[in-house]
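Everything on this sheet refers to the single structure shown next.
Sequence lines set the chain letters: A, B, ... in the order given, protein chains first and strands last, and positions in each chain run from 1.
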Amino acid sequence: MKSMNIQLNKKYSDFILNCNFSINKKITGIFGPSGSGKSTILNCISGFTKPEAGYISFKNKILYDSNNEIYLNPEKRNIGYVTQKSNLFPSMNVLDNIKYGYQDNYEIEVNDIINTMNIQDLLIRFPSELSGGQAQKISISRALASNPDILLMDEPLSELDTQSKLMILNYLKKINIRYKIPIIYVSHDISEMIALCDDVYMIEEGTLKTKITSSELSFQSNINTDFQNIYLLEGNDSKELLINGIKIKVNETVNKTQVIMMLSSSAIMISNEKSIFDVADNTLIGVLKKIKNSESIIRLFCDVGFEIVLDISKDYFDKLNLKLNDKIYVIFKSINVNISLS
Amino acid sequence: MVIQSLILTIEIAIIATLINVPLAFISSIIVTRTEIKSLKFIVDIFISLPLVLPPVVLGYFLLIIFSPAGYLGQILTNLGVEVVFTKFAAILACSLVSFPLMARAIIIAFDSVDKDLEKIARSLGSTKLKMFFTITLRESFFGVCGGILLGFARALGEFGATIIFAGNIEGVSRTIPLAIFQSIQTGDDKNVTLLISCSVVLGMISVIINNILISKSNRKYK
């Protein structure tokens, strides 16, 4: 079911924003470089920027229609907006921030949000007393408490450290499932997109391209930087996690809760024989699906029951003499598996 | 004479400040929040003009406008209202001279509020009016208070425009600065000392409170 239809046209000095897309109940990503028009799309949807022409509707509610001169003010659109900075109101404590847009007749309960986001201990603190990750959690809680029809996320993790990023990603997934609120997530970070989004739209110089899968997106990642394999998983009170039924050994016991597992592409090895890396406690059998070359590094995309991305040196790749669809062993240590608990 | 001037000074400064507050708010909102650049430009000039003109010139302008032969004075005289050389004239003179200081400080206070906070408030369902009172004003509260106090302190010390427009009439327009001027001219050194002491104490109290407000305003964002 399509929840939101968006057609936009806005002129800028260096490009014309032109997009036409629909979103559903899931998490939709808009991925592209800085200055490509990602945030402008969100500003148009939320009503802070008026496109020259277009049509935006949510279910049966028309937010903007240039033909019929309909333009709903931002406060009437019922859209939650989370930005790069947490933008908490400095003179209000956490609870007052969360309750700012809340009304008693809303379906959503403030206490439920507080429990879901696990922020009970932060309620009487002021924004200046919060860490970046905590502040962003409150910002998301505040947007949720206004009972939005849709949540817009404009690079909400870009100013956070890795641990905080993982924590927030975990919560966003939780929110989408628990409150069934569609999310449009904008970022230039491929790892976030792959970990979180169900559908991803690429944007380039104001033009929104067709939807692509997370696998295609990961193939387009910058080979000169580490790729973070991120998986949203459910713990089971053990030192093992399951990804599509495949067991992964980790270094700590994970409770029965949602967690994010992260594994850097440079922390994984590959072999065409099983026995050479006995020191590693995770050895997964799979098939080599894609190869991406650069001068010194080769990025390999493997299917081991789930997609995993790893980097090896060109010399080692030549030594292995690997070809597409070859049977391979993917090897990594449990200590290199990063687990983020809520 | 000292007590009378002290009470009159405070009374005139308070009323002048009360007149200025809504005007300073409106002009500050226009300067900091309007997207109409020409309006912003014109209002900005009107705010700054009294700051750069000598107070005597401002007093002279008021005299031209409000004298019985002046544009507005004619109408007021026909209605039986006399403005020139009254307490109201002293209040108007103080208002005009202190207005730019108050407005400038409030503009700075409003400018210090992150526009993104206002954007977020609107996305959370606030109308522009609710957003102004719950976010803009709340977040700039100490800066705004400091601006009001600065205007009040300037009104306490007003001299040039008052003496031209309201005269130097005991019990009517003889505020502390004018009383000091009078006492110096008559060689009343005892009164001069007393009046200057009053002036210094009032000024110091205002500046101390203003500094406390500014430090509170800065601390909030740390």
Side-chain angles (χ1 to χ4, degrees), chain A residues 39 42-43 45-50 63 72-93 96-103 105-106 108 110 126-130 135-136 138-154 156 159, chain B residues 25 28-29 32-37 39-40 105-149 209-222:
Chain A
S39 298
L42 296 194
N43 278 323
I45 296 170
S46 57
F48 294 110
T49 299
K50 198 173 179 178
L63 308 182
L72 229 54
N73 282 332
E75 65 269 22
K76 291 181 182 162
R77 296 197 178 199
N78 211 23
I79 285 172
Y81 199 16
V82 179
T83 52
Q84 270 183 31
K85 288 189 292 171
S86 61
N87 281 320
L88 297 179
F89 306 132
S91 63
M92 296 182 200
N93 67 19
D96 289 340
N97 262 284
I98 294 171
K99 282 186 169 176
Y100 184 83
Y102 178 74
Q103 285 175 22
N105 58 345
Y106 282 169
I108 234 162
V110 165
F126 279 83
S128 56
E129 299 163 338
L130 302 173
Q136 206 54 289
I138 307 304
S139 177
I140 295 164
S141 306
R142 181 178 60 181
L144 270 178
S146 67
N147 197 27
D149 291 330
I150 184 165
L151 269 178
L152 305 181
M153 303 268 170
D154 190 359
E159 294 188 359
Chain B
F25 263 69
S28 303
I29 290 167
T32 58
R33 297 297 187 269
T34 188
E35 283 164 18
I36 309 166
K37 284 184 179 173
L39 179 67
K40 194 174 180 170
I106 294 175
I107 285 170
I108 292 168
F110 283 174
D111 262 342
S112 72
V113 179
D114 191 340
K115 305 279 188 299
D116 282 347
L117 296 182
E118 296 177 343
K119 193 171 161 180
I120 292 294
R122 291 199 69 200
S123 78
L124 293 168
S126 276
T127 58
K128 279 186 177 175
L129 194 68
K130 187 187 169 193
M131 175 205 78
F132 175 75
F133 284 106
T134 56
I135 303 300
T136 315
L137 197 55
R138 185 172 174 154
E139 299 302 336
S140 60
F141 180 74
F142 293 114
V144 167
C145 289
I148 293 170
L149 198 72
I209 297 173
N210 189 42
N211 286 352
I212 292 169
L213 290 170
I214 288 168
S215 68
K216 270 182 179 287
S217 171
N218 292 340
R219 202 178 306 149
K220 190 175 62 184
Y221 291 97
K222 279 176 187 169

[X], part contacting chain B, at a heavy-atom distance under 4.5 Å:
X: A:Leu152; value: neither
X: A:Asn97; value: neither
X: A:Lys85; value: side chain

Compare all side-chain heavy atoms of A:Tyr100 with those of B:Thr134 and state whether any distance is below 4.5 angstrom.
yes

Pairing donors with acceptors under 3.5 angstrom, does anything connect the side chains of A:Asn87 and B:Lys119?
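No.
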
Apply the test side chain to side chain contact (heavy atoms under 4.5 Å, CB included) to residues A:Thr83 and B:Asp116: give CA-CA distance (whole Å), side-chain angles for both, the deciding distance (0.1 Å), then the verdict.
CA-CA 9 Å; A:Thr83 52; B:Asp116 282 347; 5.6 Å; no

State the [atom1]-[atom2] distance between [X] and [Y], to the nearest 0.5 angstrom.
X: B:Ile120; Y: A:Ser146; atom1: CD1; atom2: OG; answer: 10.0 Å
X: B:Ser123; Y: A:Leu42; atom1: OG; atom2: CG; answer: 11.5 Å
X: B:Glu139; Y: A:Met92; atom1: CD; atom2: CE; answer: 6.0 Å

Does a sphere of radius 6.0 Å around NZ in B:Lys130 hold more than 12 heavy atoms from other residues, nucleotides or ligands, not counting ones at 6.0 Å or beyond?
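Yes.
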
Please check this pair: side chain of A:Glu75 against backbone of B:Leu124, looking for a donor-acceptor N/O pair closer than 3.5 Å.
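No: the side chain of A:Glu75 does not pair with the backbone of B:Leu124.
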
Can you name the closest pair of heavy atoms from B:Leu117 and A:Phe89 and give their distance?
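Looks like O-CE2, 3.4 Å.
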
Do we get B:Lys115 above A:Phe48's six-membered ring, with its NZ or CZ under 6.0 Å from the centre and within 45° of the axis?
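Cation-pi check for B:Lys115 and A:Phe48: fails.
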
